[in-house]
Amino acid sequence: MSLLFVPVTADQLAGWATSGVLSGEVRGHAVTRGFSLAFDPADAEEAEHVALLVASVAALAATGRRLVAVAEGDVRPDPAGDEDFGQVLVTDLPYRSVTSLFADEPDVPGLAAAAAAASGLDLARAWDEPAVIELLQQADLLWHGAGEWADLGTG
């Protein structure tokens, strides 16, 4: 079992929480060998924090919002993924494996600019966008318990 950081939309999260399973094959991020080599974290806590940030940028680029579910699950390498960003695949992840959720406050300064800059970019390019870097430096994600999924709104 690995700690997995899954970028999701609010609608995906609601469907996952109510059905009990995130059906099909889903891409997430984990602290993999490639990730550790690329980011060289000082310890496990730092590695997990960076993986959370990576997943948040993936969500931002895809949806314009940073929303990440943290879960425990069995992962496998993503052959089409970027090893440096710890991209992995998981299939049929049960919601009971979610340990926490992370999201921005709706009116975080810099969020709109970062979302516009990252929109539609692949993860590597979004990660290097100046507006995204500024958001990561200035705005912490807020922790939510798995049971608070409904408070995060719908897409």
Side-chain angles (χ1 to χ4, degrees), residues 1-41 44-104 108 111 114-129 131-133 135-136 139-146 148-150 152-155:
M1 295 279 238
S2 296
L3 201 55
L4 177 67
F5 301 84
V6 183
V8 292
T9 67
D11 287 341
Q12 283 176 312
L13 180 59
W16 186 8
T18 57
S19 73
V21 67
L22 187 57
S23 295
E25 189 171 75
V26 177
R27 176 179 276 168
H29 302 271
V31 179
T32 62
R33 187 177 187 302
F35 175 93
S36 295
L37 290 172
F39 287 99
D40 193 26
E45 185 175 331
E46 181 183 353
E48 291 170 359
H49 180 72
V50 174
L52 171 64
L53 295 178
V54 165
S56 79
V57 172
L60 184 69
T63 70
R65 182 175 182 199
R66 295 193 303 166
L67 179 55
V68 178
V70 181
E72 293 182 356
D74 293 321
V75 300
R76 61 188 185 289
D78 180 352
D82 188 330
E83 287 183 25
D84 290 350
F85 288 107
Q87 290 179 321
V88 294
L89 296 173
V90 64
T91 304
D92 297 332
L93 190 61
Y95 194 74
R96 69 180 178 276
S97 69
V98 174
T99 60
S100 56
L101 304 166
F102 287 86
D104 280 307
V108 167
L111 179 60
S119 180
L121 297 179
D122 66 38
L123 181 54
R125 289 183 49 216
W127 183 259
D128 288 334
E129 276 294 317
V132 172
I133 293 168
L135 178 66
L136 292 175
D140 290 330
L141 291 163
L142 299 179
W143 179 92
H144 300 270
E148 297 179 73
W149 63 268
L152 298 175
T154 58

Q: Could you walk me through whether F39 and F85 pass side chain to side chain contact (heavy atoms under 4.5 Å, CB included), step by step?
A: CA-CA 9 Å; F39 287 99; F85 288 107; 3.9 Å; yes

**Q.** Intermediate values then yes/no, side chain to side chain contact (heavy atoms under 4.5 Å, CB included), W127 and L136
**A.** CA-CA 10 Å; W127 183 259; L136 292 175; 3.9 Å; yes

(Q) Could you report the tightest heavy-atom contact between W16 and P94, atom names first, then the distance? (A) NE1-C, 3.6 Å

Q) Do V54 and Q87 pass the side chain to side chain contact (heavy atoms under 4.5 Å, CB included) test, and can you show the C-alpha distance, the side-chain angles, and the key distance before you say yes or no? A) CA-CA 10 Å; V54 165; Q87 290 179 321; over 6 Å; no

Please set out all donor-acceptor pairs under 3.5 angstrom arising from side-chain atoms of residues 72-82, sequence neighbours excluded.
from: R76; atom 1: NH1; to: T91; atom 2: OG1; distance (Å): 3.2
from: R76; atom 1: NH2; to: E25; atom 2: OE2; distance (Å): 2.3
from: R76; atom 1: NH2; to: T91; atom 2: OG1; distance (Å): 3.1
from: D78; atom 1: OD1; to: A80; atom 2: N; distance (Å): 3.0
from: D78; atom 1: OD1; to: G81; atom 2: N; distance (Å): 3.3
from: D78; atom 1: OD2; to: R27; atom 2: NE; distance (Å): 2.5
from: D78; atom 1: OD2; to: R27; atom 2: NH2; distance (Å): 2.5
from: D82; atom 1: OD1; to: D84; atom 2: N; distance (Å): 2.9

Q: Please check if the side chain of D92 supplies one atom and the backbone of S23 the other of a donor-acceptor pair under 3.5 Å.
A: no

Q | Which atom of A103 lies closest to which atom of L152, heavy atoms considered | A | CB-CD2, 4.1 Å

Q | Working for side chain to side chain contact (heavy atoms under 4.5 Å, CB included), residues L52 and R66 | A | CA-CA 10 Å; L52 171 64; R66 295 193 303 166; over 6 Å; no

Q: Please round to the nearest 0.5 Å and tell me the distance separating atom CG of L60 and atom OG1 of T63.
A: 7.0 Å

Q | Side chain to side chain, F102 and F5, heavy atoms closer than 4.5 Å | A | no

(Q) Once salt bridge (Lys or Arg N to Asp or Glu O under 4.0 Å) is applied, what residue pairs with a partner in residues 44-56 remain, sequence neighbours excluded? (A) none

Q. How far does OG1 of T18 sit from CG of L13, to the nearest 0.5 angstrom?
A. 9.5 Å

**Q.** For the student: nearest non-hydrogen atoms of S56 and L141, plus distance
**A.** CB-CD1, 3.8 Å

Q. Does S119 use its side chain to pair, donor to acceptor, with the backbone of A115 at less than 3.5 Å?
A. no

Q.
So which atom in P7 and which in Q12 form the shortest heavy-atom distance, rounded to 0.1 Å?
A. O-OE1, 4.3 Å

**Q.** Any donor-acceptor N/O pair, E148 side chain to G145 backbone, under 3.5 Å
**A.** yes

**Q.** Heavy-atom check, side chain of V8 versus side chain of V68, under 4.5 Å
**A.** no

Q | Exercise: identify the closest heavy-atom pair between A58 and H29 | A | CB-NE2, 3.7 Å

Q.
When you compare the side chain of L101 with that of W149, does any pair of heavy atoms fall below 4.5 Å?
A. yes

Q | Heavy-atom donor-acceptor pair, Y95 side chain to A146 backbone, under 3.5 Å | A | yes

Q) Do V70 and L4 have side chains that get closer than 4.5 Å, going by heavy atoms? A) no

Q) Is any side-chain heavy atom of V26 less than 4.5 Å from a side-chain heavy atom of L93? A) no

Q | Partner of L135 by side chain to side chain contact (heavy atoms under 4.5 Å, CB included), out of L53, V57, L111 | A | L111

Q | Distance in Å, L3 CG paired with S100 OG, rounded so as to fall on 0.5 Å steps | A | 7.5 Å

Q) Looking at residues at least two apart in the chain, or sitting in another chain, which of them share a side chain to side chain contact (heavy atoms under 4.5 Å, CB included) with A47? A) V31, F35, P41

Q) Under a 4.5 Å cut-off applied to non-hydrogen side-chain atoms, are T9 and R65 in contact? A) no

